[in-house]
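Just below is one structure, and these are the notes that go with it.
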2 protein chains.
Amino acid sequence: MYTHLMSTSERLIESTRELLWERGYVGTSPKAIQQHAGAGQGSMYHHFTGKPDLALTAIRRTAQEMQATAEAALAGDGPAYDRVAAYLLRERDVLRGCPVGRLTMDPDVIADEELRAPVTETLEWLRERLAGIVQEGLDRGEFSGTLDAGEVASAIVATVQGGYVLARATGSPAAFDAGVRGLLALLAPRA
Amino acid sequence: MYTHLMSTSERLIESTRELLWERGYVGTSPKAIQQHAGAGQGSMYHHFTGKPDLALTAIRRTAQEMQATAEAALAGDGPAYDRVAAYLLRERDVLRGCPVGRLTMDPDVIADEELRAPVTETLEWLRERLAGIVQEGLDRGEFSGTLDAGEVASAIVATVQGGYVLARATGSPAAFDAGVRGLLALLAPRA
DNA sequence: GTCTATATAACGATAGAC
DNA sequence: GTCTATCGTTATATAGAC
C-alpha cells in the first residue's frame, strides 16, 4: 500500500492510522496492519512492543494532526461567526467520519487510559478553542441574546461529531451539511 | 446474566442487544453472546443462522425501541421549542452512547445493507419527525429569523449524537448536557 | 532489522448425539 | 432444543535464524 519512500516503522504507523480510522481499534488486527504496510511480523514486533503500543503512536499522531487542521481553520482575527463557519465548512472526508471521535465508540480505547488520553485532550482542546472564539464574539456584541460560550462551543463540536454519524447512517454527506447549515443559521445574528 | 423468565431465544436477543451497545458488532463474538445469555453454541445456532442473523434481530428491536422512546418525548401539542427541549432533555444513559448511532462506526454494519437499514431508517425517521415539529413552530411564528426546518432538525439530531461522543471522550455526561443547553439557547426565541 | 516457525487462544460455524 | 466435539481460520504474540 505504501511506497518504500517511508521507513518500515513509518509505514506501520501510517497503516495503523488508516485502519484505525476505517475499522477502529477492535477491528484492526496486527496482521492487517502488516499487510497494509508491506511489513512482516518480525518488523512490527521489532519496532513496537505490540498492537497497543503501535496504536498509541498512531492515535497520538492522528490527534495532533486533527488539532493542526482545526487550528488552521480557526486561526485569524475575523468575526467569531466567520471563524466558526470556516471551521464547520472546511472540506472533510465526511463519510469516513472523524478519526479521533470514532475512537470514543471503541470500548478497548475508552478502557485504556493511555489510548484514550489523546482523544480526550483533542476534543477538549477543540471545545475550549471554540469557546474562546465564541466568547470573543460575545464580548464584541457579535451575537444576539445571552449565550454561554462553553455551551455553544460544545454544541458546535457535537454538531460536527454527530454530523458524521448522520452522514454514515444515510450514506451521504448531505446530512452532515444540513446539520452544519442548521447550526450556522441558529448562530447567525438575526433580526 | 438473565433469569430463566425469558426463553433462550429471547435471552440471546437481549444479550446481543446489550453487547452490541457496549462493544459494537465487530467487538461482539458469538461466544460472548452465549455466555451472557447462559446458552450453549447449539442453542444459538438452532434459533439463528449465525451472528449476522442474530445481530439483525437485535438491531431491529433496538431501532424500534429507540423510535418509541423518542416518540414518547416528542408527542404532544405544546410549542415546538418545548417538545424539542423535552426530547433533548429526556433522561439518557449518556456514557453508554446511542445504541443505534454507534453502529454507524461499525464497518461491518455499514457494509451490510440489511444490518444497516434499521440504523438508516431510525435516524431518518427521527430527523423527519423533528423537522415536522420545527416546521409547525415556524408556521406558528414561534421561532425568530428564517430557518430551514430540515436543517434545524439535522442539527438537533447531530447535537445529540455528537454529545454522546463528547461525553464518552471526557468520561462525563456534562459534555453532553453542555451541548444540549447550547443548542437550546440558540434555538430559543431571543430579544 | 527482517524473516520464518511455532504457540495459545479466540472466532465463527458445523455435525451429530441426546 | 440443547449439548459436546470438532473444524478451519484468525488474533496476538514469542523464538530464534539470518
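Letters A, B, ... mirror the listed sequences (proteins, then strands); counts begin at 1.
Along DNA chain C, the nucleotide nearest to A/Ala39 and the one nearest to B/Pro52 differ in position, and the one closer to the 5' end is contacted by A/Ala39.
Under a 4.5 Å side-chain heavy-atom criterion applied to ILVMFWY residues, the cluster that includes B/Leu12 comprises B/Ile13, B/Leu19, B/Ile33, B/Met44, B/Tyr45, B/Phe48, B/Leu54 as well.
Put simply, CD on B/Gln35 is 13 Å from C1' on C/dA9, counting in whole angstrom units. The distance between atom CD1 of A/Ile33 and atom P of D/dT12, rounded to the nearest whole Å, is 9 Å. If you take CZ of B/Arg11 and C1' of D/dT2, they are 11 Å apart, rounded to a whole angstrom. In this structure, B/Gln34 atom CD and C/dA13 atom P are separated by 10 Å, rounded to whole Å. Per the geometry, NZ belonging to A/Lys31 stands 16 Å off P belonging to C/dC11, to the nearest Å. A straight line from CD of B/Gln41 to P of D/dG8 spans 16 Å, rounded to a whole angstrom. Counting to the nearest Å, the P atom of C/dA5 and the OH atom of A/Tyr45 are 18 Å from each other. The distance from atom CG of B/Leu54 to atom P of C/dG12 is 12 Å, rounded to the nearest whole Å.
Salt bridge A/Glu113/A/Arg116: absent, no basic N to carboxylate O contact under 4.0 Å. Ion pairing of A/Arg140 with A/Glu136 is present here, as a side-chain N (NZ or NE/NH1/NH2) and a carboxylate O approach within less than 4.0 Å.
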Please list, one pair per line, the donor and acceptor atoms closer than 3.5 Å that link side chains of residues 91-100 of chain B to other protein atoms, with sequence neighbours excluded.
{"from": "B/Arg92", "atom 1": "NH1", "to": "B/Tyr164", "atom 2": "OH", "distance (Å)": "3.1"}
{"from": "B/Arg92", "atom 1": "NH2", "to": "B/Tyr87", "atom 2": "O", "distance (Å)": "2.7"}

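Side chain of B/His47, nearest nucleotide from D/dT2, D/dT12, C/dG12: D/dT2.
OP1 and OP2 of C/dG1 both lie 4.0 Å or more from every side-chain N or O belonging to A/Ser43. For the pair B/His46 and D/dC3, the criterion of a side-chain N or O lying under 4.0 Å from OP1 or OP2 is not met. Of the side-chain N and O atoms in A/Thr8, none sit less than 4.0 angstrom from OP1 or OP2 of C/dG1.
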